[in-house]
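When a ligand or atom number is given, it counts from 1 through the structure's own listing order. All residue numbers refer to positions in the sequence shown, counting from 1. Every value quoted in this text rests on a predicted model; they were computed, and no experiment measured them.
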Amino acid sequence: MRLSQYFLPTLKETPSEAQIASHRLMLRAGMVRQASAGIYSWLPLGLRVMKKIEQIVREEQNATGAQEVLMPTIQSADLWRQSARYDGYGKEMLRITDRHDREMLYGPTNEEQITEIFSGSVRSYKDLPLNLYHIQWKFRDEVRPRFGVMRGREFLMKDAYSFDIDAEQGRKAYNKMFVAYLRTYARLGLKAIPMQADTGPIGGDLSHEFIILADTGESEVFCHQDFLNRDVLAEEFDEESDLQPVVDSWTSIYAATDEQHDPARFESEVPADKRVSARGIEVGHIFFFGDKYSKPLGASVSTPEGGDVAVQMGSYGIGVSRLVGGIIEASHDDKGIIWPDSVAPFKVGLINLRAGDVACEAACEEIYAKLEKAGVETLYDDRDDRAGAKFARMDLIGLPWQLIVGPRGLKNGVVELKSRRTEERDEISIDEALSRLSAGQA
Ligand code: 5CA
């Protein structure tokens, strides 16, 4: 993509309404624009990042055998009356009346909707286990929408729903999701810590929140330092086997949000030099709630013995749009965002230091064409700005690599390859730069 043609409305000034780094940086980097309180338009750069996050979430869900569906954002109030949540949900639910005076709502979550789909089609234990998920916008009329996309009113969530014949199978489904969540966050470059959690309006008695540590997080959390040293992606286990030991190895170490925190247990279980007390952002939340929805909504299946039983269900949420902000909170400096490779909107920012210079332009055009051909996502700064402005903008938008082409270097046959994260700079030939960028790692 050529910057001269790209819609990237960056801001020089720090927007005064933004209180935390991710909100400030998302506005300054032209990723989102506020439409009204807690509601955002996603601009090209922000959307690219969100789509990458979405895709990683999707791949890890698919790897568990879960199947993607897409349910509507607008639901009928009657469905929610059946589960007795219509009144209980309170003011957070955005209620809508259509032209025929039918009561509708903008879905804050989809337990009822998915249970209705299930009960309309599945009759036999032979069709279980089943896990269906979607990635869809939700609306919650939060009292205090704040921190940009972190606590929005409209937000993108991945929500999965598992259906099983009994509690033991249900627990297996929960464990599969638990491990898939750990892998998902690790692929996003995050250290997410599973913490025992309250179940709130979703219900049930087994639940974990996945929390990433950040000073600006809304929750106060307490955990063992060991969580931060664990590399999920390096761990090997058989996905088909019983995952309970893997889950136990995570949940037996102390980790709690302030609502669940037990200071005496924390002190007895965690040595003083390993105690982490910090703030955290909830990027996911999983629940097992048995027949809470399947019973009232009539989601039952025949059993092998010839009986009939309400299915055991769980639900599993990931805050996809919140993650865009969460990743920035976890990875930025005073110059701007530092994207992890896996979600970077582009891998490389190609900077022509002197637009209009024949040699620089020819070299940049050649590099750009070759990178595109090699499938390396490149944002080519072909604009006629000062070098300082170009560097500042590239640092702000946080692409992992900057490839800087200037007249002086070219005379010696070199360009400069700079890592945004380490700030290391290498003067190398164009060919070497191309092969390093094309080879997966620079
Ligand atoms: N039905 C369950 C699981 S599918 C559910 O709704 N769980 S939840 O309420 O915990 O939401 C799931 C995730 O959505 C949260 O962990 C959080 O990451 C994200 N989320 C919740 N509310 C907001 C919000 N107002 N703005 C942005 N993200 C949110």
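With hydrogens and angles disregarded, no donor-acceptor distance shorter than 3.5 Å links the side chain of Arg140 to the backbone of Leu94. Panel note: side chain Arg85, backbone Trp80; no donor-acceptor pair is recorded below 3.5 Å.
Under the side-chain contact (heavy atoms from CB on, under 4.5 Å) criterion, Leu228 pairs with Lys191, Ile193, Leu213, Gln225, Val276, sequence neighbours left out. Scanning for side-chain contact (heavy atoms from CB on, under 4.5 Å) contacts around Met50 gives Trp42, Leu47, Trp137, Leu156, Val320, Ser321, Val324, with sequence neighbours left out.
Each ring-ring contact (aromatic ring centres under 6.0 Å, His included) pair with one or both residues in residues 1-34, not counting sequence neighbours, appears once here: Tyr6-Phe346.
A salt bridge links Glu142 to Arg151: one of the charged nitrogens lies within less than 4.0 Å of a carboxylate oxygen.
Protein residues are said to neighbour a ligand when one of their heavy atoms lies under 4.0 Å from it; for ligand 1 these are Thr109, Glu111, Arg140, Glu142, Val149, Met150, Arg151, Gly152, Phe155, Met157, Asp159, Ile202, Glu282, Val283, Gly284, His285, Phe287, Ser315, Tyr316, Gly317, Gly319, Arg322.
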